[in-house]
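Below is one structure; the comments refer to it alone.
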Protein chains: 2
Amino acid sequence: MRESEKEIVRSLPLFSGMAPDHFEIMLKGSFLQKFPATVVLFSEQDHTDFLHVLVDGQVELFANANNREGTMTLIKPVATFVLASALADGAYQLSARTLQTSQILMIPAENIREVMALDSDFAQKTIVELAECYHGVVRAYKNIKLRTAVERLANYLLVQNRRQGDNDGLVLPVEKRTLASMLGMTPENLSRAFNTLKPYGVVIDGAEISLNNLSDLETLAKPSAHIDAN
Amino acid sequence: MRESEKEIVRSLPLFSGMAPDHFEIMLKGSFLQKFPATVVLFSEQDHTDFLHVLVDGQVELFANANNREGTMTLIKPVATFVLASALADGAYQLSARTLQTSQILMIPAENIREVMALDSDFAQKTIVELAECYHGVVRAYKNIKLRTAVERLANYLLVQNRRQGDNDGLVLPVEKRTLASMLGMTPENLSRAFNTLKPYGVVIDGAEISLNNLSDLETLAKPSAHIDAN
DNA sequence: ATTGCCGCTTGACATTTATCAAGCGGCTGG
DNA sequence: CCAGCCGCTTGATAAATGTCAAGCGGCAAT
């Protein structure tokens, strides 16, 4: 693993400020691996052997039940995933697949627990990170439980618009079928939801979306600081 | 606060094995309060001042959005709630109300963070607890995203049956309208879902439910160890 | 350039879930 | 004992969402 790659990982809030020797202990037995697109990294019932750090690419966390499959969340670099599972020393709870060619650092879950025991500052950062992850899932849960499909799409567009620089438009970062699954609907229903939003100034051109009437869209979406991420 | 009450709190995995002086530091400024039923304890946007421990009674965590309200989870004694919020030092994220007369120990969130910094064993236990809470929400999220209303009800009945001693029956621990909200449906729809389950041996008499054909019910429910709690 | 695949869209239709309205029946306060 | 409230149920209907089938159009391999 190159120094430049180590620096990328170190730049994460979770690992920043960690003593160099602790960082090295953690990386012992870790490896940075490159995966092609559409590869399943692990399944929900597998035992959690590694904390994953997505260095480059894109990863989808999903789950299966009753012959259905649903996207739970999308991971974008640079970010860790399955932290809670690595700490609880049980199953992953979610399956993961790459959506693009991805570089992933795999840190033995055991190392995380080991370093946490001897570095109370790292333990503190882990707790904060975990608490934030927890709130992320709570947000997602509220989103799907309290909003209709059209409302979820409208709010998604507003969040992406903000993240991409408030330019009254955005580029979808994933295929529409993946977006549909993430928003908890079928691809057909997503197409229709986009049509429903047309009167609210939403113009679709492939993956490029223009938002020409933000205030009307917000009236429909009723964005909430307690549901929508920053 | 009486010694017997302290013992109840201490019996929780989170606090067990904690040094007595650390336990006392944590309880400084804490108070055990009795609330009548139907009282709102806090709202989702409020700043998290206290970690709550439900000693006796029943509490509902819920959320509002778009003029809708939904039950997120039910707390039964003895258990802590809003741990993640207390650790993250932000808003509660969820609102809470009592469903019955309840006794609640309120521990200043600050105390938790303080003791965690000086008791690495407690920090460790907090992490495990938080990771379990995290998986609880992930389960709830999968449940609502991958199952229909009837399936959610069927699985709920199977879990309650197991928890209440595998006697081919159970008593609903909450009003049906609350159960409906927790399962993400209207009370009308819950009534109809119960009717749908009649051919699967589910007999309803008020709050008392008999399950006369577990194997058929399981075929419909398709219970999953990765969704349904233990 | 052509072919075939694949993601997306659209239409028709089915299913699921919610809404509105009415009524039943137990419980409780007077 | 009775009235009224409230939780629950049922029926009728509407809205939301999913399913199935067909077709369009870009893109990549040949």
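Lettering of chains follows the sequences in order, A, B, ..., and the numbering in each one begins at 1.
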Euclidean distance, atom [atom1] of residue [X] to atom [atom2] of [N] [Å, nearest integer]:
| X | N | atom1 | atom2 | value |
| --- | --- | --- | --- | --- |
| B:E208 | C:dG26 | CD | P | 15 Å |
| A:K145 | C:dT17 | NZ | C1' | 15 Å |
| A:R177 | D:dG18 | CZ | P | 17 Å |
| B:L190 | D:dC8 | CG | P | 9 Å |
| B:L179 | D:dT9 | CG | P | 11 Å |
| B:I144 | C:dT16 | CD1 | P | 16 Å |
| B:D205 | C:dG26 | CG | P | 11 Å |
| A:L220 | D:dA16 | CG | P | 11 Å |

Consider the side chain of [X], meaning its heavy atoms from C-beta on, and name the nucleotide among [options] that approaches it most closely.
| X | options | answer |
| --- | --- | --- |
| B:N189 | C:dC8, C:dA18, D:dC8 | C:dA18 |
| A:S191 | D:dC8, D:dG18, C:dT10 | C:dT10 |
| A:E175 | D:dC8, C:dG7, C:dT9 | C:dG7 |

Under 3.5 Å, is there a donor-acceptor pair between the side chain of [X] and the main chain of [Y]?
| X | Y | result |
| --- | --- | --- |
| A:S43 | A:D46 | no |
| A:R152 | A:R147 | yes |
| A:N155 | A:E151 | yes |

Please output the side-chain donor-acceptor pairs of residues 80-91 of chain B that fall under 3.5 Å, not counting sequence neighbours, one pair per line with the distance.
| from | atom 1 | to | atom 2 | distance (Å) |
| --- | --- | --- | --- | --- |
| B:S85 | OG | A:H135 | NE2 | 3.1 |
| B:S85 | OG | B:Y92 | O | 2.9 |
| B:D89 | OD1 | B:H47 | NE2 | 3.0 |

### Task
Look at B:N195 and D:dT9 and indicate whether a side-chain polar atom (N or O) is within less than 4.0 Å of OP1 or OP2.
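B:N195 to D:dT9 OP1/OP2: no side-chain N or O under 4.0 Å.
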### Task
First locate atom CG of B:L190, then atom CE of B:M182, and finally report the distance between them rounded to the nearest 0.5 Å.
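Between atom CG of B:L190 and atom CE of B:M182 there are 10.0 Å.
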### Query
What is the distance from atom OG1 of B:T219 to atom OH of B:Y200, rounded to the nearest 0.5 Å?
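One finds 8.5 Å between OG1 of B:T219 and OH of B:Y200.
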### Task
Taking the side chain as every heavy atom from C-beta outward, state whether B:L157 and B:V202 have any pair of such atoms under 4.5 Å apart.
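Yes, their side chains come closer than 4.5 Å.
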Could you write out each protein N or O paired with an N or O of nucleotides 20-27 of chain D at a distance under 3.5 Å?
| from | atom 1 | to | atom 2 | distance (Å) |
| --- | --- | --- | --- | --- |
| D:dC20 | N4 | A:E188 | OE2 | 3.1 |

### Query
Without hydrogens or angle criteria, can the side chains of B:Q100 and B:Q58 be said to hold a donor-acceptor pair below 3.5 Å?
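On atom types as modelled, these side chains qualify, holding a pair under 3.5 Å.
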### Message
With nearest nucleotide decided by heavy atoms, which residue, B:T178 or A:M185, maps closer to the 5′ end of DNA chain D?
### Response
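Result of the comparison: B:T178.
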### Query
Which ones in residues 146-155 of chain B lie close to DNA chain C, meaning a heavy atom under 4.0 Å from one of its atoms?
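Those residues are B:T148, B:A149.
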#### Entry: Candidate pair A:E44 and B:K142, rule salt bridge (Lys or Arg N to Asp or Glu O under 4.0 Å), full reasoning
CA-CA 12 Å; A:E44 45 188 325; B:K142 290 203 253 180; 2.8 Å; yes
